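Take a look at the structure set out below.
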There are 2 protein chains.
Amino acid sequence: MTTPHPSHPAVLLAADAVGDVIEYWGFRKALGRVWTVLYLWDGPLSAGDIGERLQMSAGAVSMALTELQRWAVVKRVWLPGERREFFEAEVDLWKMIAKVISERERYLARGVRERLEQAGKMLAESGSRVKGQQEKLEKLVSVAQLAERVIEAFIQSRMADFSTFTGALVEPEGRPSKARRGR
Amino acid sequence: MTTPHPSHPAVLLAADAVGDVIEYWGFRKALGRVWTVLYLWDGPLSAGDIGERLQMSAGAVSMALTELQRWAVVKRVWLPGERREFFEAEVDLWKMIAKVISERERYLARGVRERLEQAGKMLAESGSRVKGQQEKLEKLVSVAQLAERVIEAFIQSRMADFSTFTGALVEPEGRPSKARRGR
DNA sequence: TTGAATCTTCAAAATTTCTTGAAAGATCAA
DNA sequence: TTGATCTTTCAAGAAATTTTGAAGATTCAA
């Protein structure tokens with residue numbers, strides 16, 4: 001076994017801070033840490049590199065990378081002549097935000113709205129004097145429906161403004177991103 | 001011990017759905033359930049009532065009510081001639097959202113921004129060739145600062161639009177909420 | 001094929017979070 | 001005061017989540 005090479009303390013501190021953000025959004029802290037180490041490093045890293053830097057087990061790294069790729073925040077990179085897989089951070093976080101809202105939050109909103117609607121039906125069928133409850137439940141259903149529409153609209157729109165926001169993370173070298181001289 | 005009187009299944013279903021929403025926002029599911037039972041019921045309920053309806057222990061109800069009051073989503077009500085305390089749901093959820101953003105999210109944002117800044121300093125002092133990392137870290141700091149400013153601005157503004165949103169929960173009776181006669 | 005290097009999976013262990021229930025603390029009528 | 005009723009606190013237990021580590025799968029050079 002080789003000597004472990006943990007990252008510079010500054011990198012670990014930053015990784016932990018980003019981990020807290022991502023944890024607040026319902027992911028495991030480790031995902032944020034791994035992404036940060038990849039983001040701060042110039043060039044791709046292997047799973048083993050990441051494990052060393054963050055002192056994580058191979059299994060934990062593998063699972064973190066799998067999930068990060070599922071959310072499109074990390075991409076797999078092929079390096080010629082290398083058996084191992086390498087990874088690098090996706091800087092366009094808008095991709096991730098859109099995906100999470102589209103898959104996770106939309107799913108939540110739909111489930112909640114459906115259950116509230118069903119509760120409304122159940123109450124209506126139960127007959128007994130529950131007029132007040134029914135009206136309140138209607139209100140809840142309205143809010144759920146509104147939230148769902150907001151989410152749908154959010155997904156529909158290209159969210160140009162948000163691209164600006166997360167665009168702040170692109171590489172410092174400032175390579176042209178769109179219509180600047182060829183590629 | 002008296003026979004338990006759980007809520008109507010429809011109410012429990014709705015309570016659970018709201019519980020999921022609140023859980024997604026980082027609170028315990030029980031808080032959402034308690035709020036929903038209070039919201040759907042016409043009039044105030046005692047802690048014992050809530051425990052019966054949701055089949056929760058007295059301790060759990062007490063803790064849930066304490067936290068709900070801390071976030072201003074439930075208010076204590078005094079009923080003449082009653083020894084027990086009663087509670088009812090606060091319908092203006094904007095109060096809660098503002099409080100959570102102001103206390104919890106602002107705190108998170110500040111902590112993250114500070115740690116990223118410190119990481120930047122550490123990297124700068126370390127001397128060695130970490131130019132690329134420093135630049136990337138600067139980007140992260142910028143995003144954190146931006147997020148913090150957005151949160152501050154959010155808190156500053158009265159958020160009139162959001163009141164409209166959450167205003168949808170006010171009592172169906174549609175009594176004027178501001179210039180109510182007397183009282 | 002074989003074997004070395006690497007990756008993934010998953011059951012068990014560790015950790016974190018939540019709930020319970022009983023004891024202590026309040027409150028109030030008598 | 002006393003006793004009855006109700007609330008809060010908190011340690012212990014239960015439950016849920018996360019991490020580990022090792023077995024098995026995969027990949028590729030030889």
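Order of the sequence lines fixes the chain letters, A, B, ..., with proteins taken first and strands second; residue numbering starts at 1 for each chain. Not measured: the values here are computed from a predicted model. Because only heavy atoms are used, hydrogens play no part in the values below, and waters and symmetry mates are left out as well, while side chains stay in.
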* Asked: For residues 40-74 of chain B, which residue pairs qualify under ring pair (Phe, Tyr, Trp, His ring centres under 6.0 Å), counting only residues two or more places apart or in two chains?
  ->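 Found B/Phe27-B/Trp71.
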
* **Pairs where residues 105-153 of chain B contributes a residue and the test ring pair (Phe, Tyr, Trp, His ring centres under 6.0 Å) is met, not counting sequence neighbours** =>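 Output for this query is empty, none listed.
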
* Asked: In the hydrophobic clustering that connects Ile, Leu, Val, Met, Phe, Trp and Tyr at side-chain heavy-atom distances below 4.5 Å, which members other than A/Met63 occupy its cluster, ordered by chain and number?
  ->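 Its cluster partners, ordered by chain and number, are none at all.
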
* Asked: Tell me, which pairs form a salt bridge (charged side-chain N to carboxylate O under 4.0 Å, His left out) where one or both residues lie in residues 142-152 of chain B, sequence neighbours left out?
  ->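 The answer is B/Arg106-B/Glu152, B/Arg113-B/Glu148.
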
* Spell out protein contact along nucleotides 19-30 of chain D as letters: B when the base is contacted, S when just the sugar-phosphate is, - when no protein heavy atom is under 4.0 Å; keep the 5' to 3' order. => SBB------BS-

What is the distance, rounded to the nearest whole Å, between atom [atom1] of [X] and atom [atom2] of [N]?
X: B/Arg76; N: D/dT7; atom1: CZ; atom2: P; result: 9 Å
X: A/Leu31; N: D/dT18; atom1: CG; atom2: P; result: 9 Å
X: A/Gln69; N: C/dC7; atom1: CD; atom2: P; result: 11 Å
X: B/Arg84; N: C/dA26; atom1: CZ; atom2: C1'; result: 16 Å

* Asked: Looking at A/Tyr39, is B/Lys136 sitting on its ring face, NZ or CZ under 6.0 Å from the six-membered ring centre and within 45 degrees of the normal?
  ->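 Flagged: B/Lys136 positioned over aromatic ring of A/Tyr39.
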
What donor-acceptor contacts under 3.5 angstrom involve side-chain atoms of residues 6-15 of chain B, with partners at least two apart or in another chain?
{"residue": "B/His8", "atom": "ND1", "partner": "B/Ala10", "partner atom": "N", "Å": "2.9"}

Mind listing the side-chain donor-acceptor pairs of residues 78-86 of chain B below 3.5 Å, one per line with the distance, residues two or more places apart or on another chain?
{"residue": "B/Arg84", "atom": "NH1", "partner": "B/Ser46", "partner atom": "OG", "Å": "3.4"}
{"residue": "B/Glu85", "atom": "OE1", "partner": "B/Arg76", "partner atom": "NH1", "Å": "3.4"}
{"residue": "B/Glu85", "atom": "OE2", "partner": "B/Arg76", "partner atom": "NH1", "Å": "2.6"}

* Within residues 14-23 of chain B, residues whose heavy atoms come under 4.0 Å of DNA chain C ->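 Contacts with DNA chain C under 4.0 Å: none.
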
When the side chains of residues 119-126 of chain A are checked against the rest of the protein, which donor-acceptor pairs come out under 3.5 Å, sequence neighbours left out?
{"residue": "A/Ser126", "atom": "OG", "partner": "A/Leu123", "partner atom": "O", "Å": "2.8"}

